[in-house]
Amino acid sequence: MCEISHMATNLSIDPELLEKALQVSGEKTKKAAVTQALVEFIAKREQSRIKELFGQLEWDADYDYKKERHR
């Protein structure tokens, strides 16, 4: 059984947006289209947070990643 609790939610979603989401997602149900949209939204936001780290991390110029492959 799933450990995540699911809740019924009533939302007022723009019907044109929902129809477009169904078309572009290829999903068969509104629920699936909305779920996929949320998954992609979350992934995109998490990726943008990772991009903020570029230029902030210190790199070891002597690190040999190829050598580490053969441990």
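When reading the values below, keep in mind they use all heavy atoms of this one structure, side chains included, and skip hydrogens, waters and symmetry mates.
In E16, the CD atom is not crowded: 12 or fewer heavy atoms of neighbouring residues, nucleotides or ligands sit closer than 6.0 Å.
Through ILVMFWY side-chain contacts below 4.5 Å, V39 is grouped with nothing and stands alone.
Between L18 and D14 the shortest side-chain heavy-atom distance does not fall below 4.5 Å. Residues E40 and Q36 form a side-chain contact, since some pair of their non-hydrogen atoms from C-beta on lies under 4.5 Å apart.
For E27, the side-chain hydrogen bond (donor to acceptor under 3.5 Å, both in side chains) criterion is met by no residue, not counting sequence neighbours. Not counting sequence neighbours, E19 has no partner by the side-chain hydrogen bond (donor to acceptor under 3.5 Å, both in side chains) test. Considering only residues two or more places apart in sequence or on other chains, T29 meets the side-chain contact (heavy atoms from CB on, under 4.5 Å) condition with K31, A32. Considering only residues two or more places apart in sequence or on other chains, L11 meets the side-chain contact (heavy atoms from CB on, under 4.5 Å) condition with T9, I13.
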For residues 57-65, run the donor-acceptor check on the side chains, cut-off 3.5 Å, and write out each pair with its distance to 0.1 Å, sequence neighbours left out.
residue : atom : partner : partner atom : Å
D60     : OD1  : D62     : N            : 3.0
D64     : OD1  : K66     : N            : 3.2
D64     : OD1  : K67     : N            : 3.4

